[in-house]
Amino acid sequence: MEEFRLSYNRLCKESGAEPQEAVLQQLHQLPRGGLDLTTQSLTVDTCRALGKLLPKETLLKELVLSDCMLSEEGSTLLFQGLCANTSVQHLDLKGNNLRAAGAEALGQLLRQNKSIQSLTLEWNNLGTWEDAFAAFCGGLAANSTLRQLDLRNNQISHKGAEELALALKGNATLQQLDLRWNNIGLLGGRALVNCLPSNRTLWKLDLAGNNVPGDVLRAGQAMDHNQDRITAFRESQTRTKILSKEVQHLQEEKSKQFLDLMETIDKQREEMARDSRASAVRVGQLQEALNERQSIINALKAKLQMTEAALALSEQKVQDLGELLVAADQERQSLSQRHEKERKLEQQEAADRESKLRRDLSAANEKNLLLRSQVEELERKATSQQEQLFLTRQELTNTSAELKIRAMQAEERLDVEKRRAKQNMEDLEKLHSKEVDHLTRHLEESERAMQERVQRLEALRLSLEEEGQDDGW
């Protein structure tokens with residue numbers, strides 16, 4: 001571990017940071033196979049250096065990082081380094097207040113790491129961020145080495161429990177799961193209970209302090225069944241090993257006895273060749289010895305046959321267990337295929353909804369353009385009508401002024417005629433009387449004509465104003 005300490009010191013200095021004295025001291029006192037940095041506030045630079053060293057470390061079996069106040073960046077760097085590590089089997093991350101980024105990095109760690117068997121995450125906040133915790137559960141479903149998982153006091157809600165249930169359906173190695181003191185509740189407890197019949201490895205599940213009702217007791221039966229299955233499988237493996245050793249021992253003993261017997265027969269044959277004049281009694285004795293040896297061989301053969309039958313029975317049991325495992329894998333594959341189909345269907349529905357919304361938006365844009373064109377046309381009409389009204393008013397003003405001028409001229413001519421009439425009153429009284437009558441009639445007709453024209457122009461002006469008001473001027 002001295003090389004590990006020196007490498008840590010070198011990496012910190014290369015990055016322009018000072019190595020932490022407390023970490024150097026722990027590395028100096030490091031026991032073989034374990035690294036305990038409990039309560040050490042690890043900086044981002046320290047986490048970066050450790051993340052670079054962990055993929056190459058092959059002697060470290062246990063890594064304890066309890067209450068290290070890991071930041072999101074620091075925890076991500078550490079977990080990235082652990083993804084490629086092949087020696088750490090026990091990882092303790094208790095009390096680090098891991099959040100969304102930490103949960104996602106842990107999910108990636110569980111997907112890639114192939115050595116961690118025990119993971120402690122007590123006193124964190126992984127369940128507060130549902131999407132990040134779902135990513136963590138996805139990594140758990142894909143993991144194939146983890147045996148023990150501690151998630152106590154992580155603010156896990158019923159939705160987080162549902163994600164865990166989905167992960168347990170896909171996971172085939174986890175044996176112990178501790179979920180005490182969370183917020184799972186009734187819905188989360190039922191989701192976990194319903195997933196247990198599909199899981200064949202989990203045999204211990206702690207749910208104390210979660211407000212879970214009594215129907216979760218069914219989970220114990222399912223987990224007892226898993227424990228019995230694991231125990232039976234281990235006993236079968238143990239018996240198979242023992243029987244294999246016994247068969248091997250019997251084969252060795254049989255071979256040895258057969259060699260001894262052949263050696264004895266050879267010796268007896270030599271003695272018979274040297275002493276061909278031996279008595280028939282000795283021949284009989286030798287025959288009896290040979291028969292006895294033959295009976296021993298027969299007994300050994302019978303014992304060997306019984307052992308082979310027991311071995312075949314054990315192999316049959318192992319084959320049955322293998323078929324159960326294959327059936328479980330097929331069931332898992334079918335579930336994954338069904339989930340994939342459902343996901344594709346949801347994506348298709350989302351695409352249909354999006355296309356429909358696009359069509360509606362296009363129609364709304366076209367309608368908006370049509371309305372804009374209509375508004376512009378109405379504005380042009382209003383402008384032209386305003387111009388026409390202005391011209392009409394100007395014409396009315398000019399006509400009024402002309403009428404006033406003519407009236408003044410007529411008055412002036414009348415005054416002139418009156419003065420002329422006064423001067424010639426006596427001489428032209430009759431003629432004057434006729435001319436006055438004629439002038440009066442002419443003036444009356446002119447005034448009537450002017451009044452009628454003024455009335456027509458006034459009526460035209462009023463009608464134009466009413467049209468302008470109706471058009472919204």
Sequence-distant partners of F133, ring-ring contact (aromatic ring centres under 6.0 Å, His included), two or more places apart: F136
Which heavy atom of A49 sits nearest to which heavy atom of C12, and what is that distance? CB-SG, 4.1 Å
At their closest point, which heavy atom of N171 faces which heavy atom of L140, and how far apart are they? ND2-O, 2.8 Å
Does this structure show an ion pair linking K317 with D320, if we count only N-O contacts that are shorter than 4.0 Å? no
Quick one: do L250 and E253 satisfy side chain to side chain contact (heavy atoms under 4.5 Å, CB included)? Show the steps, please. CA-CA 5 Å; L250 288 173; E253 185 179 355; 4.1 Å; yes
What distance separates S75 OG from L106 CG, expressed to the nearest 0.5 Å? 7.5 Å
Do N154 and N124 have side-chain N/O donor and acceptor atoms under 3.5 Å apart? no
Show the numbers, then the answer: is there a side chain to side chain donor-acceptor pair (under 3.5 Å) between D36 and T38? CA-CA 6 Å; D36 189 351; T38 303; 2.5 Å; yes
Working to the nearest 0.5 Å, report the span between CG of L126 and CG of L98. 5.5 Å
Show every donor-acceptor pair shorter than 3.5 Å between a side-chain atom in residues 60-72 and any protein atom, with sequence neighbours excluded, or say none if there are none.
from: S66; atom 1: OG; to: D92; atom 2: OD1; distance (Å): 3.2
from: S66; atom 1: OG; to: D92; atom 2: OD2; distance (Å): 3.2
from: S71; atom 1: OG; to: G74; atom 2: N; distance (Å): 3.1

Where is the tightest heavy-atom contact between V212 and G185, given as atom of each residue plus distance? CG2-O, 3.8 Å
Which residue in the set T145, L119, N199, L149 passes side-chain contact (heavy atoms from CB on, under 4.5 Å) when paired with L174? L149
Interatomic distance, S198 atom OG to R332 atom CZ [nearest 0.5 angstrom]: 12.5 Å
Test side chain to side chain contact (heavy atoms under 4.5 Å, CB included) applied to I297 and Q257, step by step: CA-CA 8 Å; I297 292 174; Q257 290 178 357; 5.9 Å; no
